Amino acid sequence: MDHKPDLPEWHGNGDAMRALQIELARQVSLRDGFAKPLRTVAGFDVGFEEAGSITRAAAVLLDASTLAVIDQQVACLPTRMPYIPGLLSFRELPALLEALNMLSSPPDLAFVDGHGIAHPRRLGIAAHFGVVTGLPSIGVGKSIHVGEARQALHGMRGAFTPLRDGREQIGWLLRSKPGCLPLVISPGHKVAMASAAELVMRFVTTYRLPEPTRLADRLASRRDSQ
DNA sequence: GCGACAG
DNA sequence: ATCTTGTCGC
């Protein structure tokens, strides 16, 4: 199946994209809709080359039980839009979808570097990715874009506390590794808020990032062979 | 008007 | 994100 959603071209008007985000955000499902037990998962991340003119997306497919790498692909496309806070997905999604299509098979669950619904209009790149592909997805962010935590986060590995925007919970702050800044976890698509943090911890070994995203990160930033 | 602002 | 060595801390 080929995923080629009509992503609007960058003509300098972010208003059209913001309106589309609000529309797509209505299609997000916050109920668990992934295969149980999980058989495969995949990590997705984007990096840049040639001073940013080339967008390089990486997709790494793993066996959910053993964490063994089943397949990994890299897609390089010309960068067509600048980075604009809140509109990240329109810049990085094209390359990410290309990398997904190159995989031998789609994952039961996708971990995307960036936010899910922890976004101003509840459509971060992980949620956008999930809605256009129909795949269950979770956002794994390394810093907060919107929202704040009310309570202090415990230092113990696996501890988590709600990330909220006003009175609404939009994700979790997760201490994936002691002594490190917490990850910002939020549902993307077909994943319940209550399941998100636990699903991420299931794939964390000894690093801050869960294996799917950690491996994709290395591949996208071409540090896997260096 | 001012400051913030995923990657 | 990216440019980059050494350095502080668990």
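Values below: every heavy atom of this structure, side chains too, minus hydrogens, waters and symmetry copies. Being a predicted model, the structure only gives us computed values, none of them experimental. Residue numbers begin at 1 in each chain, while the letters A, B, ... track the order of the sequences.
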Item to check | Side-chain donor or acceptor of A:Arg214 paired with backbone N/O of A:Tyr207 under 3.5 Å | outcome: no
Checklist entry - How is the base pairing of DNA chain B summarised as a dot-bracket string, given the Watson-Crick and G-U wobble criteria with both distances under 3.5 Å, [ ] for crossing and | for another strand? => result .......
Mind listing the N/O atom pairs, protein and nucleotides 5-7 of chain B, below 3.5 Å?
unit_1, atom_1, unit_2, atom_2, d
B:dA6, OP2, A:Tyr83, OH, 2.4
B:dA6, O4', A:His115, NE2, 3.4
B:dA6, N7, A:Gly86, N, 3.3
B:dA6, N6, A:Gly86, O, 3.3
B:dA6, N6, A:Leu88, N, 3.2
B:dA6, N6, A:His119, NE2, 3.4
B:dA6, N1, A:Ile125, N, 3.2
B:dA6, N3, A:His115, N, 3.4
B:dG7, OP1, A:Lys142, N, 2.8
B:dG7, OP2, A:Ser143, OG, 3.0

Checklist entry - Would you say A:Val184 and A:His115 make side-chain contact, with heavy atoms under 4.5 Å? => result yes
Checklist entry - Taking any atom under 4.0 angstrom from a heavy atom of chain A, which nucleotides of DNA chain C are the first and last to qualify, 5' to 3'? => result C:dA1 to C:dT2
Next on the checklist: Are the side chains of A:Val204 and A:Glu211 in contact, using a 4.5 Å heavy-atom criterion?
Outcome noted: no
Checklist outcome for this item: Heavy-atom nearest nucleotide on DNA chain C taken for A:Asp217 and for A:Pro178; more 5' hit belongs to A:Asp217
Checklist entry - With a 3.5 Å cut-off and no angle check, do the side chains of A:Thr213 and A:Asp113 form a donor-acceptor pair? => result no
Next on the checklist: Test your reading of the model: is there a side-chain donor-acceptor pair from A:Arg122 to the backbone of A:His119, 3.5 Å cut-off?
Outcome noted: yes
Checklist entry - With no hydrogens and no angle check, is any side-chain donor or acceptor of A:Ser53 less than 3.5 Å from a backbone partner on A:Glu50? => result yes
Checklist entry - Heavy atoms, side chains only, cut-off 4.5 Å: are A:Arg150 and A:Pro162 in contact? => result no
Checklist outcome for this item: Looking only at heavy atoms, the pair that brings A:Pro107 and A:Leu100 closest together is CD-CD1, 4.0 Å
Checklist entry - Is there side-chain contact between A:Leu24 and A:His128, with at least one heavy-atom pair below 4.5 Å? => result yes
Next on the checklist: Looking only at the aromatic ring of each residue, does the gap between the centers of A:Phe129 and A:Phe44 stay below 6.0 angstrom?
Outcome noted: yes
